[in-house]
Structure formats: C-alpha cells, structure tokens
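Position 1 is the first residue of the sequence; numbering continues from there. Just the heavy atoms: all of them, side chains too, but no hydrogens, waters or symmetry mates, feed the values below.
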Amino acid sequence: MSVRSASLPLPVKGINSSLPVTQIDDAEMAEGLNFWLSPEGNFESRPGLTKLTTESNTGGAIKGIYYSPANSETLVASGTKLYKYASNGVTEIGTLSGTLTKVHMLDFNGATYVASGGILQSYNGTTLSDCTNTGTNDVPPAARYLQVRRDRLFVASDTESSLYYSGSYDGGDWGGGEGADGGIINVRKNDGANISGIVQVDGNLAVFKANLSNLSNPQPCSVSLLIGETPTDFVFYDIREGTSVVEPHTISPVLNDVVFCGNGGIFTLAQVQSFDNPRSFPISLKMRPTYRSYTPACACYADTRGYYIVVTNGYTFAYHVGMRAWFPWSHEGITMTYVANGGDDKVLFGSSTGHIYHLDDDGTTFSDDGTDPAWQLSTRAYDLKSPTAEKWFHKLYMTFQPLSGTGSVGVNYKKNSGETVLGSRSVSADTSTLAGWDGTFAWDTAGVGWDDDAMLQKGHMIRLRARNMQFQLVPTIPIRLVEWAVDYEPFRRTPPSWK
C-alpha cells in the first residue's frame with residue numbers, strides 16, 4: 001500500500017488525564033509538564049521564574065502578597081510580620097494580629113486592610129495598626145476574608161456565620177450607638193458551617209460557607225448572595241447547596257465570572273448558579289486524576305495573559321480561560337505557597353522559604369531561579385482513523401524553535417496505547433544556529449531579518465510497527481513547537497482473537 005501522511009495537531013487544548021490515551025482529543029496531551037499556550041498563541045515551554053528577593057529576611061513561608069494601589073506598594077505577609085517589598089528585599093512594617101497560614105489584604109477608602117485571624121488591622125502607608133470603632137460594637141475580632149461591596153468593607157470572621165460591614169466609606173465605623181452605620185449580619189446561622197469566602201459579583205456579595213474542619217467532606221456547603229443598597233435593605237438568598245469554596249485564597253474574578261477551588265474540583269460561579277449539580281462537571285474535570293493528588297493553596301487571574309493560576313502543595317496549574325485548557329507546571333526545588341498579581345503587570349509567587357519570584361515572560365527566561373524545569377509531553381495514542389489496522393510508521397517530521405541554550409529534543413515512541421516503548425530518537429538543537437540572515441553583511445541583528453522566525457525542520461526515521469502510536473516529547477531545552485506530522489503505511493488488519 002502507498003505511504004500516507006497525517007498532520008498531528010499541536011496539544012493546545014492542554015492536559016486530559018481523565019480518559020484513556022486513545023480517547024482524548026487529538027489536540028490534548030495525555031501528560032504534560034511545563035508547557036503553555038502563550039498570549040501570542042504559541043505552544044511552547046512556559047516562562048521561568050526570576051527571584052526578586054536577594055535574601056530571605058522574612059519570618060518564613062510567604063502567606064500573603066498584595067499590591068496596594070492606594071499606597072503603590074507590594075505588601076508581603078510572612079511569619080508574624082507584614083513587610084513591604086522594595087529593591088530586591090523586604091522591609092518590616094509591623095506585627096500581624098493573627099496567626100493564620102494565609103493573610104488577606106484589600107484597599108478600602110485610601111488604606112490597606114489586613115485580615116490575619118486576629119483583630120482587623122489597617123495600613124496607611126506608614127503604620128500598621130489595629131482598627132478601632134467610633135461606635136460600641138466590636139471591631140471584627142477574628143478577621144479572615146475581606147471584600148469591598150460598593151461603599152462598604154465586608155469582613156468575614158473566624159466565627160461560624162458572622163459577617164461584619166463598615167459604615168459608608170468609613171473603615172472606623174463598625175456599628176453600635178447613635179449615628180453608627182456599620183453592623184453585623186449572620187449568614188445561614190447555626191447551619192454547622194463556616195464562612196469560607198466572600199467575593200463581589202455584579203455589585204452584590206457572594207458568601208460561601210463550608211465545614212472547614214473536614215475538607216475531605218466539608219458539608220454542609222452553600223453559596224448565598226447578599227443584595228440591597230443599604231443595611232436596612234440587606235437580604236440574603238441561597239444560590240446553591242452542596243458546593244462551596246474550600247480555600248478562600250483561590251477565589252478570583254475572571255472576566256464576568258468568578259473561579260474558585262471547591263469541594264470536588266475547580267468551579268465557576270456561573271456553573272453553581274446555573275446547574276443543580278455542578279460538582280459532576282468542574283472545569284478541572286479533564287485533569288482530575290492529576291489535580292486531586294494536591295491541595296490548593298492560592299490562585300489568581302493573570303488578566304493580560306489570560307490564565308487562572310492555581311498554586312498547590314505540588315504542581316502549579318495554569319488554566320487558559322479562552323481555550324479551557326489546563327497546563328501543569330513544576331518548580332524544581334521550590335515549594336510555592338502564594339500567587340498574586342503585582343504592580344507593573346507582574347505575576348508574583350511566594351515560596352516556603354520566604355522568597356518572592358515573578359513570572360518572567362520576557363522571552364529569554366525559562367528556568368526557575370537558574371534551574372531548568374523538566375519539559376515533557378505525551379500525545380494521545382494516534383490510530384490515524386484505522387483502529388484495527390497495523391501500520392508501518394515511517395517518519396516523524398517536526399518543526400520547532402529552540403528558545404534558549406543548547407541541548408536536544410528527544411521523542412519516545414510507544415505502542416499499545418502508550419504501554420510499550422518501541423524506541424526513541426533525538427536531535428541536537430542550539431539557539432546560536434538560528435541567527436538567520438539580517439539583510440546585510442552583519443549576522444544576528446536583533447529584530448531584523450529572519451531572527452524572530454528562524455525554525456528547525458527535522459525528520460526522524462521511525463520504521464516502527466504498531467496499531468496506534470503515542471509520541472512523548474522530551475526536550476532538554478525550552479522550545480516552541482510549530483508543527484509535526486507523520487508518514488505511515490497501513491500494513492494489515494489485526495485478525496479477531498475469537499475467530
């Protein structure tokens with residue numbers, strides 16, 4: 001029979017570890033690590049992380065990062081202290097009132113408010129101090145989560161159902177006494193659950209509740225919505241029961257929706273509002289076998305990059321919102337504890353050692369603080385629309401661009417749905433060979449001629465026989481994968497075993 005050619009789609013739809021390798025989409029990965037779909041639409045090795053702190057002079061693991069537009073400062077919580085980041089290091093501001101493992105910070109009315117599990121605190125750009133009340137009510141005593149809704153600051157406490165709210169544009173009014181405008185309301189009181197998160201949604205306030213003492217089964221769970229213009233109009237109505245947030249620092253507005261890590265996976269608020277049983281199809285469903293091995297710690301939405309980024313106690317998971325695609329990342333020797341948007345369009349990561357890093361997508365950085373991550377991906381097992389026929393796989397064609405350094409790009413070939421390794425091939429790659437012609441007698445002038453478009457086109461002789469073939473890409477340098485294809489020839493159909 002004649003030799004045929006087939007194009008292999010790039011795995012731009014991310015990882016799918018929830019189905020057999022023969023059943024996932026052609027443009028999905030059965031396994032993948034440290035790749036992404038760039039904002040420019042390129043499938044390539046993900047950017048590296050550059051360390052911003054020259055020495056770890058915080059009190060331990062980073063448990064809060066917040067860029068304050070009010071003070072034009074990046075604030076960092078670590079150990080028992082609040083710091084501000086500047087010039088490759090941090091400077092101590094003051095002592096936190098609580099000892100929570102995660103600290104929430106938010107600007108309101110010109111100051112930054114800090115919830116660390118103790119009394120609510122505020123930072124005015126100079127001093128961190130405990131909040132006071134012009135009325136007779138207690139200032140939120142065990143502050144955990146903060147949210148601004150219209151003209152008021154809302155604070156969820158460590159108690160079961162109490163939700164505090166400030167006066168109108170007044171962080172010193174928490175209610176009680178004549179003329180006070182702040183107060184306390186209870187959300188589903190005595191239901192056995194804690195407030196596990198709050199977020200503003202279309203001018204209203206979504207309140208999540210869960211039993212945080214049993215995260216493996218945090219029932220009862222619920223989501224409620226606070227509506228009303230003034231305290232006399234405040235009304236809660238239930239959105240859904242059975243689903244809620246289990247880590248409040250993963251709640252993030254994403255475009256016109258909210259994404260959060262909940263019981264049973266990662267969800268959107270739109271799912272929770274629209275479907276009776278959203279737990280059956282979380283947006284993390286395709287990577288469930290991979291994701292469920294880890295515990296979410298924090299998340300943020302990197303708007304200009306189009307990614308919702310989740311930090312766990314193992315991998316970091318990057319969700320491309322437009323493609324609905326998940327890309328797992330690993331960080332060799334670094335345990336991430338926090339992620340947040342910083343100033344100057346930076347995505348900041350906090351580590352267990354007290355260091356701060358940023359996602360350095362300048363196009364030249366691909367290592368994490370000098371250590372290369374392990375880049376790899378495994379395709380689906382391709383039967384090329386002939387599932388019963390054995391085939392001779394003659395040649396693999398690949399077009400790629402080395403992005404940094406010198407190394408090799410290896411491919412492992414596997415049959416029997418990825419269970420049997422048939423062989424491997426590799427090709428050397430060196431970015432210095434991709435200078436290209438600049439249109440003059442000088443080579444490699446930045447931004448001129450072919451420099452930005454230089455690619456390597458390689459063909460590997462395979463000469464292997466299989467019904468289906470899985471390709472595992474293992475580069476030792478960061479690359480941009482442009483296209484790949486295979487030449488094959490149908491050999492014969494496999495006879496039925498029960499004949």
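No hydrogens or angles considered: nothing links the side chains of Y67 and E73 as a donor-acceptor pair under 3.5 Å. With hydrogens and angles left out, the side-chain atoms of R152 and S168 include no donor and acceptor closer than 3.5 Å. Checking N34 against S45 by side-chain atom types alone, no donor-acceptor pair falls below 3.5 Å. If you check the side chains of T127 and S129, you find no donor sitting under 3.5 Å from an acceptor. Counting only N and O atoms by type, the side chains of T290 and S17 include a donor and acceptor under 3.5 Å apart. For the residue pair S157/S162, the side-chain donor-acceptor check at 3.5 Å is not satisfied. No side-chain donor from either of D368 and T371 sits under 3.5 Å from a side-chain acceptor of the other. With hydrogens and angles left out, the side-chain atoms of K209 and S161 include a donor and acceptor closer than 3.5 Å. Side chain to side chain, S224 and D238 meet the donor-acceptor criterion of an N or O pair below 3.5 Å.
Surrounding CG of D202 are at most 12 heavy atoms belonging to other residues, nucleotides or ligands under 6.0 Å away. Heavy-atom contacts from other residues, nucleotides or ligands closer than 6.0 Å to CZ of R150 number more than 12. Within 6.0 Å of atom NZ in K102, more than 12 heavy atoms from other residues, nucleotides or ligands are found, so the atom counts as buried in its surroundings. Within 6.0 Å of CG on N256 lie no more than 12 heavy atoms contributed by other residues, nucleotides or ligands.
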message: Applying side-chain contact (heavy atoms from CB on, under 4.5 Å) to L128 and T95, what does each step give before you reach the verdict?
response: CA-CA 8 Å; L128 176 68; T95 301; 5.9 Å; no
message: For F317 and Y291: C-alpha separation, side-chain torsions, deciding distance, then whether ring-ring contact (aromatic ring centres under 6.0 Å, His included) applies.
response: CA-CA 8 Å; F317 295 95; Y291 172 75; 5.8 Å; yes
message: Working note: I356 + V90, criterion side-chain contact (heavy atoms from CB on, under 4.5 Å); need CA distance, chi angles, decisive distance, verdict.
response: CA-CA 10 Å; I356 302 169; V90 293; 4.3 Å; yes
- request: Under the side-chain contact (heavy atoms from CB on, under 4.5 Å) rule, what do N109 and D170 come out as? Steps first, then yes or no, please.
  value: CA-CA 7 Å; N109 204 30; D170 189 352; 5.6 Å; no
message: For a side-chain contact (heavy atoms from CB on, under 4.5 Å) check, start with the C-alpha distance between W36 and V12, then their side-chain angles and the critical distance, and finish with the verdict.
response: CA-CA 8 Å; W36 79 333; V12 295; over 6 Å; no
- request: List the steps, then state whether ring-ring contact (aromatic ring centres under 6.0 Å, His included) holds for Y338 with F349.
  value: CA-CA 6 Å; Y338 212 88; F349 290 80; over 10 Å; no
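Here the side chains of F471 and L8 are in contact, with some heavy-atom distance below 4.5 Å. Residues F234 and Y165 form a side-chain contact, since some pair of their non-hydrogen atoms from C-beta on lies under 4.5 Å apart. Between P289 and S18, the closest side-chain pair of non-hydrogen atoms falls below 4.5 Å. In this structure the side chain of D369 never reaches within 4.5 angstrom of the side chain of T50, judged on heavy atoms. Using a 4.5 Å heavy-atom cutoff, the side chains of M287 and P328 are not in contact. Between T337 and V311 there is no side-chain heavy-atom pair separated by less than 4.5 Å. The closest side-chain heavy-atom distance from V223 to V207 is not below 4.5 Å. Looking at heavy atoms from C-beta onward, N186 lies out of side-chain contact with L163 at the 4.5 angstrom threshold.
Distance OG1/T132 to CG/L120: 10.5 Å, rounded to 0.5 Å. Annotation: the span from H104 atom NE2 to Y66 atom OH amounts to 8.5 Å, rounded to 0.5 Å. The distance from the CG atom of D130 to the CD1 atom of I119 is 5.0 Å, given to the nearest 0.5 Å. Here the CG atom belonging to L255 is positioned 13.0 Å from the OH atom belonging to Y308, to the nearest 0.5 angstrom. Here the straight-line distance linking atom CG of L481 with atom CD of E44 works out to 10.5 Å at 0.5 Å rounding. To the nearest 0.5 Å, atom CG of residue L49 and atom NE2 of residue H358 are 8.5 Å apart.
Ring centroids of Y113 and Y123 are separated by 6.0 Å or more, keeping the two rings apart.
Put simply, the side chain of S284 never gets that close to the backbone of R288: no donor and acceptor are under 3.5 Å apart. The backbone N or O of G306 lies less than 3.5 Å from no partner atom in the side chain of D303, so there is not a single donor-acceptor pair. With hydrogens and angles ignored, the 3.5 Å screen pairs no side-chain donor or acceptor of R144 with any backbone N or O of A156. Put simply, the side chain of E28 gets close to the backbone of D25: a donor and an acceptor are under 3.5 Å apart. Checked by atom type and distance alone, the side chain of D360 never pairs as donor or acceptor with a backbone atom of F366 at under 3.5 Å. The backbone N or O of S196 sits nowhere less than 3.5 Å from a side-chain atom of N194 that would complete a donor-acceptor pair. N137 contributes a side-chain N or O that, together with a main-chain N or O of W174, makes up a donor-acceptor pair within less than 3.5 Å. Put simply, the side chain of S252 gets close to the backbone of Y301: a donor and an acceptor are under 3.5 Å apart. Checking side-chain atoms of Q219 against main-chain N and O of C221 turns up a donor-acceptor pair under 3.5 Å. No side-chain donor-acceptor contact under 3.5 Å links N313 to the backbone of Y294.
The two residues I62 and G354 have their closest heavy-atom pair at CD1-O, 3.5 Å. Scanning all heavy atoms of the two residues, the minimum distance from I283 to Q271 falls at CG2-OE1, 3.6 Å. In terms of heavy-atom proximity, W484 sits nearest to P9 at NE1-O, 3.7 Å. Nearest approach of V114 to L96, heavy atoms of both residues: CG1-CD2, 3.9 Å. Residues A193 and N211 share a closest heavy-atom pair of CB-N, 4.1 Å. Closest of all the heavy-atom pairs between I309 and A302 is CD1-CB, 4.3 Å.
Between H320 and Y307, the ring planes are perpendicular. Angles over 60° get that label, and only those under 30° would be called parallel. Note on ring orientation: taking the six-membered ring where Trp is involved, the planes of H249 and Y145 are perpendicular (angle over 60°, cut-offs 30° and 60°).
A salt bridge links R188 with E241: the closest approach of a Lys/Arg side-chain nitrogen to an acidic carboxylate oxygen falls below 4.0 angstrom.
Exactly one residue among K346, R305, R46 makes a salt bridge (Lys or Arg N to Asp or Glu O under 4.0 Å) with D361. That residue is R305.
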